[in-house]
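Order of the sequence lines fixes the chain letters, A, B, ..., with proteins taken first and strands second; residue numbering starts at 1 for each chain.
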Protein chains: 2
Amino acid sequence: MANQELKILGQDGDDVCCEGLATAPLDEEQAADLAKIFKALGDPVRLRLMSMIASREGGEVCVCELTPAFELSQPTISHHLKLLRQAGLIDCERRGTWVYYWILPTALDRLAGFLAVPRAAKASV
Amino acid sequence: MANQELKILGQDGDDVCCEGLATAPLDEEQAADLAKIFKALGDPVRLRLMSMIASREGGEVCVCELTPAFELSQPTISHHLKLLRQAGLIDCERRGTWVYYWILPTALDRLAGFLAVPRAAKASV
DNA sequence: GGCTTGTATTGACGTTCATTGATGCAACCT
DNA sequence: AGGTTGCATCAATGAACGTCAATACAAGCC
């Protein structure tokens, strides 16, 4: 269950993580990889899921606590969780009857680093 | 031309920018606002446009330099630039015949700050 | 004025996405 | 074994998205 996420930025080979948005123009492959992750965050339900999980004391949340927070069907929440997992943003584990999700902070850190604009590029504002 | 972007995070009123992803669960409105911005970044063409503009010496790029970098029609590039502008990520100005685009670093900084996960939430990894 | 070049907008089309009800699978309980 | 609960997958549908050709608009040039 934990081995389904996509190959993520700079896991090996080309290293997207350490290059900022402003260091050099992205090539098509880098852009496609990153776009998948941003797209995963580009939905209000998924952003709320992320924040619900990330802000959780202990770092883990049971699906049974996430689903009732939305006025959406259970399959829909399950679908969004799957997309976040495929983007490498969260992971999960089954423990008995319940499934627990947690954030993968490394992915978030890489995104944050990617977005941080070096001072040079800020001069024009 | 410069006054069309959406009302952005924490421009006034509710302040999304200073709350991290992990500080508290997002409410629906905050999530919807942020999702628009992440969605704007969730396309490879738009990410490449962003990096081409951001990595540009001087911080400004003419559309006439962006369009030929893609195997896409000129209206398509124009459409993507419009979406980025509506998300508050870039702005533009017409100077004579040409239109120049530049990055709005504040928006990127806010996103980066939002994604930076506090140490507490990282313990579980 | 009319012509040319650069950019934005419109309208249409095919694809992808979010959502749901129905169903399947896993784990517990009696 | 049978029943129940938690979660994932499937198949279908309507909405949103990316793309383009055609067109419109803006600015410079003749």
Side-chain angles (χ1 to χ4, degrees), chain A residues 1-6 28 31-32 34-50 52-53 60-87 89-102, chain B residues 1-6 28 31-32 34-50 52-53 60-87 89-102:
Chain A
M1 204 162 214
N3 54 356
Q4 194 180 343
E5 68 264 13
L6 295 174
E28 295 186 39
L34 275 167
K36 282 177 192 162
I37 304 174
F38 281 118
K39 187 179 294 185
L41 293 174
D43 179 276
V45 175
R46 291 195 288 271
L47 268 185
R48 288 180 62 201
L49 285 169
M50 286 291 290
M52 289 177 69
I53 300 173
E60 292 182 346
V61 190
C62 174
V63 175
C64 61
E65 299 180 75
L66 295 172
T67 306
F70 299 84
E71 296 187 342
L72 292 169
S73 70
Q74 174 267 321
T76 299
I77 301 301
S78 187
H79 170 245
H80 285 303
L81 288 170
K82 182 180 182 179
L83 290 187
L84 289 172
R85 197 155 50 85
Q86 289 180 328
L89 292 166
I90 60 176
D91 202 357
C92 65
E93 184 185 26
R94 169 160 229 136
R95 284 206 281 277
T97 308
W98 298 277
V99 177
Y100 293 87
Y101 280 80
W102 59 87
Chain B
M1 203 161 219
N3 54 355
Q4 193 179 343
E5 67 264 14
L6 296 174
E28 296 186 40
L34 275 167
K36 282 178 193 162
I37 305 174
F38 281 118
K39 187 180 294 185
L41 293 174
D43 179 276
V45 175
R46 290 195 289 272
L47 268 185
R48 288 179 63 199
L49 285 169
M50 287 291 292
M52 291 177 68
I53 301 173
E60 290 182 348
V61 189
C62 173
V63 176
C64 62
E65 299 180 76
L66 296 171
T67 305
F70 299 85
E71 295 187 341
L72 291 169
S73 69
Q74 174 267 322
T76 299
I77 301 300
S78 187
H79 171 245
H80 285 304
L81 288 169
K82 182 181 182 178
L83 289 187
L84 288 172
R85 196 155 49 84
Q86 289 179 327
L89 291 167
I90 59 176
D91 202 358
C92 65
E93 184 185 27
R94 170 159 230 137
R95 286 205 280 276
T97 308
W98 298 278
V99 176
Y100 293 86
Y101 280 79
W102 60 87

Which one, [options], comes nearest to the side chain of [X]?
| X | options | result |
| --- | --- | --- |
| B/Ser78 | C/dT9, D/dT19, D/dG28 | C/dT9 |
| A/Cys64 | D/dC7, C/dA18, D/dA27 | D/dC7 |
| A/Val63 | C/dT7, D/dA8, D/dT19 | D/dA8 |
| A/Asp43 | C/dA27, C/dG6, C/dA18 | C/dA18 |
| A/Cys62 | D/dC7, C/dG6, C/dA18 | D/dC7 |
| A/His79 | D/dA26, C/dA18, C/dT9 | C/dA18 |
| A/Gln74 | C/dA8, D/dA8, C/dA18 | D/dA8 |
| B/Ser73 | C/dT19, D/dC20, C/dC17 | D/dC20 |

**Study point:** B/Thr67 side chain vs B/Val63 backbone, donor-acceptor pair below 3.5 Å
**Key:**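 It does hold such a pair.
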Check your understanding: Within the distance-only criterion (no hydrogens, no angle test), does the side chain of B/Arg46 pair as donor or acceptor with the backbone N or O of A/Ala35 below 3.5 angstrom?
Key ->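 No; zero donor-acceptor contacts below 3.5 Å.
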Output the rounded distance in Å from [atom1] ([X]) to [atom2] ([N]).
| X | N | atom1 | atom2 | result |
| --- | --- | --- | --- | --- |
| B/Tyr100 | C/dT7 | OH | P | 8 Å |
| B/Glu71 | D/dC20 | CD | C1' | 15 Å |
| A/Phe70 | D/dC7 | CZ | C1' | 16 Å |
| A/Leu49 | D/dC7 | CG | C1' | 14 Å |
| B/Glu65 | C/dT5 | CD | P | 19 Å |
| A/Gln86 | D/dT9 | CD | P | 9 Å |
| B/Arg94 | D/dA26 | CZ | C1' | 5 Å |
| A/His80 | D/dT9 | NE2 | P | 15 Å |

So, is [X] near the phosphate of [N], with a side-chain N or O under 4.0 Å from OP1 or OP2?
| X | N | answer |
| --- | --- | --- |
| B/Lys39 | D/dC17 | yes |
| A/Tyr101 | D/dG6 | no |
| A/Thr76 | C/dT20 | yes |
| B/Arg46 | D/dG18 | yes |

Review point. Base, sugar-phosphate, or nothing for A/Leu83, non-hydrogen atoms under 4.0 angstrom?
Key: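 Answer is sugar-phosphate: A/Leu83 comes under 4.0 Å of backbone atoms only.
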Ignoring hydrogens, what is the shortest heavy-atom contact between [X] and [Y]? Give both atom names and the distance.
| X | Y | answer |
| --- | --- | --- |
| A/Trp102 | A/Ile53 | CA-CG2, 3.6 Å |
| B/Leu41 | B/Leu89 | CD2-CD1, 3.7 Å |
| B/Arg48 | B/Ala69 | NH2-O, 3.5 Å |

**Study point:** Residue whose nearest DNA chain C nucleotide is more 5′ - B/Leu81 or A/Pro75
**Key:**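 Closest to the 5' end, via its nearest nucleotide, is B/Leu81.
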Practice item. With DNA chain C as reference, determine whether A/Leu72 or B/Ile77 sits nearer its 5' end, using the nearest nucleotide of each. Key: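 Whichever sits nearer the 5' end wins; that is B/Ile77.
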**Study point:** B/Arg85 to B/Tyr101 six-membered ring, cation-pi geometry met (6.0 Å, 45°)
**Key:**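 Cation-pi check for B/Arg85 and B/Tyr101: fails.
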